[in-house]
Amino acid sequence: MDKKPVLLVIAHGSRDPRHAATVHALVRRVRSLRPDVRVETGFLEFNIPSVQGVWESLAAQDVGEIVALPLLLTRAFHAKSDIPAVLRDAPPRLRIRQAEVLGPSPLLLTALERRLYEAGLTPADKSSTGVVLASAGSTDPEAIAVIAEIAREWRHTGWCAVRPAFASAALPRTEDAVRELRALGCERVAVAPYVLAPGFLPDRIARGAAEADVLAEVLGPSPEVARVLLKRYEAARMPLLAAVGA
C-alpha cells in the first residue's frame, strides 16, 4: 500500500490575524482536493502551531515521511535561509524532503486573472487594461528577476501592458507603476497583488493602488494555488518514496 508522506505547509506567520486565517483556508481547500493526504500547518513565527511543535507531534506519532512545503511564491531569503534552518532542527528520525516554492507557475497567472475578474474586469477588457503585478518585494536579485519575468510573460497573454511593482526592498512602488501605465495610455489600470495572504505589505500595496481603477484581492485560498501546492508536493514525494523503496 502506498502510504503517502505527510504534507507540512510551512507559513511565515504574521501578527495580522487575517494571515493565519487565509493560510488555514488554503489548507482546507488542499485537504478537500486530496482527502487521501494528511496535511498539517506550521508557522515560523507569530502564530501557532509552530513548525517545531508540529515536528515534535509528528515524531511522537511515529510519522516517518514528510514533505515540507514553504508557502512562498519566490526563492528569496525565507526559502534559502529560514526554511533550511528549521528543517535542520527537526527530530532526526523524521525523513523530510523540502518541496519547491509555489512560483512561478502558469496556474498562479490563472489565479491572478481570476482575482482580477472577481474584482470587475472581464476577458474583453484585457487589451485595454494595464496591470501592475504587485509583489511584497525582496533584497534577493533572483526573486526580483523572477517577478519581472512573470510580468513579461503575462503581458503576452493579451493585456495592454504589465509592470512589476514591489511593496518593499525594491522599486518601483505600486503607485509609481500605476502612474506609468496611465502615461502609456492604458484605458484602465488594475493592480494584481502577487501575494498569498493579507498583512502589512499587502495593505501597502492596496494603498499604492489608490489611483488604479481596479484592485484585486490577494491570491489566498484560490483553487489554482491549492493545485500548485499539490503539484509541488507530488514532485517532492516521488524521490522521497523511491529512497525508501515505496
Side-chain angles (χ1 to χ4, degrees), residues 7 9-12 18-19 22-34 39 41 67-80 83 98-119 121 123 125-126 129-138 140 142-159 161-167 170 174 177 190-199 201-202 205-206 209 214-236:
L7 168 56
V9 177
I10 301 179
H12 184 270
R18 296 174 299 168
H19 174 90
T22 301
V23 170
H24 290 310
L26 174 59
V27 168
R28 285 195 297 272
R29 185 178 287 275
V30 171
R31 288 178 179 140
S32 72
L33 292 174
R34 288 293 301 274
V39 187
T41 309
V67 170
L69 191 150
L71 198 60
L72 301 167
L73 293 173
T74 61
R75 278 186 46 78
F77 177 79
H78 294 306
K80 295 177 179 179
I83 301 296
Q98 180 178 339
E100 291 295 327
V101 298
L102 300 184
S105 167
L107 282 170
L108 294 178
L109 289 182
T110 302
L112 286 166
E113 294 204 0
R114 169 193 291 276
R115 293 302 189 223
L116 286 171
Y117 297 151
E118 289 171 350
L121 293 178
D125 296 324
K126 291 183 73 168
T129 301
V131 178
V132 177
L133 179 68
S135 76
S138 173
D140 189 308
E142 177 187 350
I144 297 302
V146 166
I147 298 300
E149 179 60 27
I150 292 170
R152 284 191 291 269
E153 291 182 3
W154 202 16
R155 162 68 181 84
H156 295 310
T157 66
W159 296 100
V162 180
R163 293 290 186 272
F166 307 94
T174 302
V191 174
Y194 189 61
V195 292
L196 288 167
L201 293 178
I205 289 171
V214 173
L215 171 62
E217 294 292 330
V218 300
L219 293 172
S222 65
E224 295 85 2
V225 174
R227 287 168 57 197
V228 174
L229 198 151
L230 286 169
K231 285 170 69 72
R232 299 293 183 256
Y233 166 76
E234 289 296 339

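Start at 1 with the first residue, then count along the sequence. This is a predicted model, so every value here is computed, not measured.
Across Leu33, Leu26, Val9, Val67, a single residue satisfies side-chain contact (heavy atoms from CB on, under 4.5 Å) together with Val39, and that is Val9.
Heavy atoms only, all atoms of each residue included: Pro202 and Val195 are closest at CG-CG2, 3.9 Å. Ala170 and Ser138 get closest at one heavy-atom pair: CB-O, 4.1 Å. Scanning all heavy atoms of the two residues, the minimum distance from Ala119 to Ala216 falls at CB-CA, 4.1 Å. The nearest pair of heavy atoms linking Pro164 to Ala151 is CD-CB, 3.9 Å. Heavy atoms only, all atoms of each residue included: Arg232 and Val101 are closest at NE-O, 2.9 Å. Of all heavy-atom pairs spanning Ala165 and Ala177, the tightest one is CB-CB, 4.0 Å.
One finds the CG atom of Leu71 at 5.5 Å from the CG atom of Leu102 (value rounded to the nearest 0.5 Å). Remark: Arg227 CZ to Leu108 CG distance equals 10.5 Å, nearest 0.5 Å. Once rounded to the nearest 0.5 Å, the distance linking CZ of Arg34 with CG of Leu7 reads 9.5 Å. Distance check, rounded to the nearest 0.5 Å: OH of Tyr194 to CG of Leu73 gives 4.5 Å. Atom-to-atom distance recorded for Leu229:CG and Leu69:CG is 4.5 Å, nearest 0.5 angstrom. Leu230 contributes atom CG, which lies 11.5 Å from atom CZ of Arg29 (distance to the nearest 0.5 angstrom).
At distances below 3.5 Å, not a single donor-acceptor pair connects side-chain atoms of Arg18 with backbone N or O atoms of Pro198.
Applying the side chain to side chain donor-acceptor pair (under 3.5 Å) test to pairs two or more places apart or on separate chains, those with a residue in residues 101-117 are Glu113-Tyr117, Glu113-Lys126, Glu113-Trp154, Glu113-Trp159, Arg114-Glu224, Arg115-Glu118.
Applying the side chain to side chain contact (heavy atoms under 4.5 Å, CB included) rule to Arg155 yields the partners Val162; only residues at least two apart in sequence or on another chain are considered. Residues satisfying the side-chain hydrogen bond (donor to acceptor under 3.5 Å, both in side chains) test with Thr174, not counting sequence neighbours, are none.
The shortest side-chain heavy-atom distance between Leu112 and Val131 does not fall under the 4.5 Å cut-off. Within the 4.5 Å cutoff, the side chain of Leu196 has no heavy atoms near those of the Thr22 side chain.
Under the 4.0 Å criterion applied to side-chain N and carboxylate O atoms, Glu149 and Arg152 are assigned as salt-bridge partners.
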